[in-house]
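All remarks here apply to the structure that follows.
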Amino acid sequence: DLSPVRRALLSVSDKTGLIELGQALAARGVELLSTGGTAKALRDAGLTVRDVAEVTGFPEMMDGRVKTLHPMVHGGLLALRDNADHVAAMEQHGIAGIDLLVVNLYPFEATVAKGADYDDCIENIDIGGPAMIRAASKNHAFVNVVVDVADYDALLAEMAANDGQTSYAFRQRLAQTAYARTAAYDAAVSNWMADQLALEAPRRRAFAGELKQTLRYGENSHQQAAFYTDGSNRPGVATARQLQGKELSYNNINDTDAAFELVAEFAPENGPACAIIKHANPCGVALGATLSEAYQKAFDCDRTSAFGGIVALNQPLDAETAGKIVEIFTEVVIAPGASDEAIAIFATKKNLRLLLTDGLPDPRQPIVAMKQVAGGLLVQDKDVGHVDLTDLKVVTRKAPTEAQMADLLFAWKVGKHVKSNAIVYVKDGATVGVGAGQMSRLDSANVAAAKAQRMATELGLPESPAKGCAVASDAFFPFADGLLEAAAAGGACVIQPGGSMRDDEVIKAADEAGLAMVFTGMRHFRH
Ligand code: 93A
């Protein structure tokens, strides 16, 4: 799959590293073609260059708007070298193959950034460059395309390692980088035009997705919002069918997603699970022998908060569960299907939205997660991390019982979906206290304890349901205080990442309090 580099077209606005690249290519006997300014720079350095104008038979014209847009160039970039028809066309029209394209585009983004006027920005929209980049990228079976000065060295190293040739895998990588560049370039142009037209941000189409729906408003009524699908067609809130109820709001969609992604952590073959979400945090999550039991246990954790909540199920909605859900006001229910009876029960509650999917979101699906910050974008892998029994390390004298281990792992999975700092109390496969989003871990432990206390009151229990519970902490306890707070609330065993400077102190405190504690070695911050 090695392919030779015999002829290169260089057309760059940013001339950094150009001369060195030109010299290295010339030293390998590569013929150089170039556009006006680039050709001049290379010639000034003593290199032999052919002008693209000579190849096309047309002068660069219209202020350079038309210089490389010609079949002599695009034929040379696009021709399949192993296709008889293509080769015949090249011969007939005197088109020579171009094996390497080095382009960096008119500095549109920099022109906008320096506050240039409208016409200047328009003139800095590169047309010929992206056209060549896309052509060369498509033909990566034979053609190398370099769009970034930082890749000049990699190109030369690849050629040096392969006697002047490049590998298919290398050209593939270059092509992927190149398409990312043209996509980002067009997005920059589109967003700039949206600014010029004073369009609301969410209605701009420069997203790598399809507009599904413009929303009435965003998180608040003064915010514009829209909902895009990503084209993957994966099961989830974006592809769910809504059977009834009014249009989903921005917050409904956000919360429904949080609920469904949480409940999807529990594989349906391991039994029914239910999650109830308010403000993107779970106010109750439970497993059950039946789906209705799972719902009831999730609901019982925090009945006050569950009012107006979002319910997600890991199994098709059945009539018994539907009957229970309609007893209180619920905003949205999402499930991988529903029985006809269940649908009929919901039909009596016109405002209740029912969303059905063909499956659960895959909690292991690698997805790029993005967060906007002032002047930039933070990008990371979605948190698909998970632990199972074999990953856990018992660090205390006391080891958890089998039943405690099950509750610990359950609490850990729930904690992954709670905003940090997260402390989760679990008893018999159900949350009994969730402490979310506090700035101190101690406060989160307190919130979880207070919730457990209120659960006792709401259900008329003789004691706190947190008595003897399993405790999960999404990150390590930096001090023993948070751990001791959880123990005071009734915690009997603890799951946490470990890794604090004061682990010894925390383990000692756990031993003294008679706790069993396991370390996961993995953290689940969620902000
Ligand atoms: O105005 S263009 O869109 N029309 C073209 O045909 C064309 N071909 C290359 N801009 C075009 N280019 C761009 O010119 C390249 O992408 C590169 O940024 C620049 C290099 O011009 P010069 O070699 O004259 O400095």
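Each residue takes its place number in the sequence, starting with 1. Just so you know, ligand 1 is whichever comes first in the structure, and atom 1 is the first atom listed for that ligand. Computed from a predicted model, the values in this text were never measured in an experiment.
Within 6.0 Å of CE on M439 lie no more than 12 heavy atoms contributed by other residues, nucleotides or ligands. The local environment of CZ in R50 is crowded, with over 12 non-hydrogen atoms from other residues, nucleotides or ligands closer than 6.0 Å. Atom CZ of R6 has 12 or fewer heavy atoms from other residues, nucleotides or ligands within 6.0 Å. Shown here is D63, whose CG atom has no more than 12 heavy atoms of other residues, nucleotides or ligands within 6.0 Å. Residue K138 places its NZ atom among 12 or fewer non-hydrogen atoms of other residues, nucleotides or ligands, all under 6.0 Å distant.
For atom 10 (N) of ligand 1, the nearest protein heavy atom (residue, atom name, distance) is Y106 OH, 3.1 Å. At the top of the distance list for atom 16 (O) of ligand 1, counting protein heavy atoms only, stands D126 OD2, 2.5 Å. In this structure, atom 20 (C) of ligand 1 lies nearest to the protein heavy atom S11 OG, 3.4 Å. Looking only at protein heavy atoms, the nearest one to atom 4 (N) of ligand 1 is R65 O, 2.7 Å.
Within ligand 1, counting atoms from 1 as listed, the ones closer than 4.0 Å to a heavy atom of G64 are 1 (O), 2 (S), 4 (N), 5 (C). Close contacts between ligand 1 and V12 involve ligand atoms 20 (C), 25 (O) [criterion: under 4.0 Å to a heavy atom]. Atoms of ligand 1 found under 4.0 Å from any heavy atom of S13, numbered from 1 in the order shown, are 17 (C), 18 (O), 19 (C). Listed by number with element, the atoms of ligand 1 under 4.0 Å from a non-hydrogen atom of G37 are 22 (P), 23 (O), 24 (O), 25 (O). Residue contact check: L69 has heavy atoms under 4.0 Å from atoms 6 (O) of ligand 1. Each of the atoms 23 (O), 24 (O) of ligand 1 lies under 4.0 Å from some heavy atom of G36. Residue N104 approaches ligand 1 through these ligand atoms, each under 4.0 Å from one of its heavy atoms: 16 (O), 17 (C), 18 (O).
In summary, the aromatic rings of H70 and F58 are positioned with their centroids under 6.0 Å apart. Here F476 and F519 keep their ring centres 6.0 angstrom or further from each other. In summary, the aromatic rings of H386 and W412 are positioned with their centroids too far apart to meet the 6.0 Å limit.
Considering backbone and side-chain N/O of I127, one or more are found under 3.5 Å from N/O of ligand 1. When only interatomic distances are considered, the shortest N/O to N/O separation between I125 and ligand 1 does not fall below 3.5 Å.
Close to ligand 1: K15, with a non-hydrogen atom less than 4.0 angstrom away.
Using a 30° and 60° split on the angle between ring planes, W192 and Y118 fall in the tilted class, from 30° to 60°.
When each of L21, V145, V5 is tested with L100 by the rule side-chain contact (heavy atoms from CB on, under 4.5 Å), just one qualifies, namely V5. In summary, of the residues considered (K416, R441, K419), a side chain to side chain donor-acceptor pair (under 3.5 Å) with D474 occurs for R441 alone.
Residue contacts with ligand 1, taken as heavy atom pairs separated by less than 4.0 Å, involve V103 solely via side-chain atoms from C-beta onward.
One option in M132, K67, H70, E123 has a heavy atom closer to atom 5 (C) of ligand 1 than any other, and that option is K67. Nearest residue to atom 8 (N) of ligand 1 from V147, T68, D63 is T68 (criterion: closest heavy atom).
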